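Right, one structure below, let's go through it.
Heavy-atom basis, side chains included; hydrogens, waters and symmetry copies ignored. Quick note: residue numbers are just sequence positions, from 1. What you see is a predicted model, and the numbers here were worked out from it, not measured in a lab.
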Amino acid sequence: MGATHVTVRISNPADKDRFWEGLFLVDTGATDSLVPRQHLEAIGVEPEGKRTYELANGSELSLDVTGARIEFMGELVHGTIIYGEPGAEPLLGVTALESVGIEVDPVNQRLKRLPAVRLK
């Protein structure tokens, strides 16, 4: 099974004209999305707190987080963004996907829209 990528625009919620756009790895194992710190700082988004995340190897890491606008595939959602290290691959987490009714088709390595956003 390969990787699925999608172009995502992250915008400052206080000024949507300040944004960064990049190619994100779709990571259904990640709850929240991740953007390298320098891109968030460039659009004027500041950390609003810290959250502890469990990594794939079982270790835990406390990371800065903030809220931002997340736009992809013609959809918009406000979500939690993790501040990543410089050079980190941007990740689109499952919360953003599910919030707009999009799921991953792992066989074809594509994102597909559900007929409706799940409310149950």
Checklist entry - Residues two or more places apart in sequence or in another chain: which of them pass side-chain contact (heavy atoms from CB on, under 4.5 Å) with Glu89? => result His5, Leu25
Item to check | Heavy-atom pair with the smallest gap, counting every atom of Leu34 and Ala88 | outcome: CD2-CB, 4.0 Å
Next on the checklist: Looking at Phe19, is its backbone amide N or carbonyl O close enough to the side chain of Ser11 to form a donor-acceptor pair, meaning the two atoms are under 3.5 Å apart?
Outcome noted: no
Next on the checklist: The criterion is salt bridge (charged side-chain N to carboxylate O under 4.0 Å, His left out); which residues satisfy it with Arg113, sequence neighbours excluded?
Outcome noted: Glu75
Checklist outcome for this item: Apart from Ile10 itself, its cluster of hydrophobic side chains linked below 4.5 Å comprises Val6, Val8, Trp20, Phe24, Val26, Val35, Leu40, Ile43, Val45, Ile70, Phe72, Met73, Val77, Ile81, Tyr83, Leu92, Leu97, Val100, Ile102, Val104, Leu111
Next on the checklist: Checking Glu98 now: which residues fulfil side-chain hydrogen bond (donor to acceptor under 3.5 Å, both in side chains) with it, not counting sequence neighbours?
Outcome noted: none
Next on the checklist: With salt bridge (Lys or Arg N to Asp or Glu O under 4.0 Å) as the rule and sequence neighbours excluded, what pairs involving residues 52-74 come up?
Outcome noted: Arg37-Asp64, Lys50-Asp64, Arg69-Glu71
Checklist outcome for this item: Nearest heavy-atom contact between Ser59 and Asn57 is OG-OD1, 2.6 Å
Next on the checklist: If the condition is side-chain hydrogen bond (donor to acceptor under 3.5 Å, both in side chains), which residues does Ser62 pass it with, not counting sequence neighbours?
Outcome noted: none
Next on the checklist: Test of understanding: with side-chain contact (heavy atoms from CB on, under 4.5 Å), list the residues that count as partners of Gln38, not counting sequence neighbours.
Outcome noted: Pro36, Pro86
Next on the checklist: Asp32: which residues meet the salt bridge (charged side-chain N to carboxylate O under 4.0 Å, His left out) condition with it, sequence neighbours left out?
Outcome noted: Arg51
Checklist entry - Looking at residues at least two apart in the chain, or sitting in another chain, which of them share a side-chain hydrogen bond (donor to acceptor under 3.5 Å, both in side chains) with Asp17? => result none
Next on the checklist: Among residues at least two apart in sequence or on other chains, which ones pass salt bridge (charged side-chain N to carboxylate O under 4.0 Å, His left out) with Arg110?
Outcome noted: none
Next on the checklist: I'd like to check the side-chain hydrogen bond (donor to acceptor under 3.5 Å, both in side chains) partners of Glu21; sequence neighbours left out, ordered by chain and number.
Outcome noted: Arg9
Next on the checklist: Using every non-hydrogen atom in the two residues, find where Gly93 and Ser33 come nearest and quote the distance to one decimal.
Outcome noted: N-OG, 3.1 Å
Next on the checklist: Could you list the cluster mates of Leu76? Members are the ILVMFWY residues connected by side-chain heavy atoms closer than 4.5 Å, either directly or through other members.
Outcome noted: none
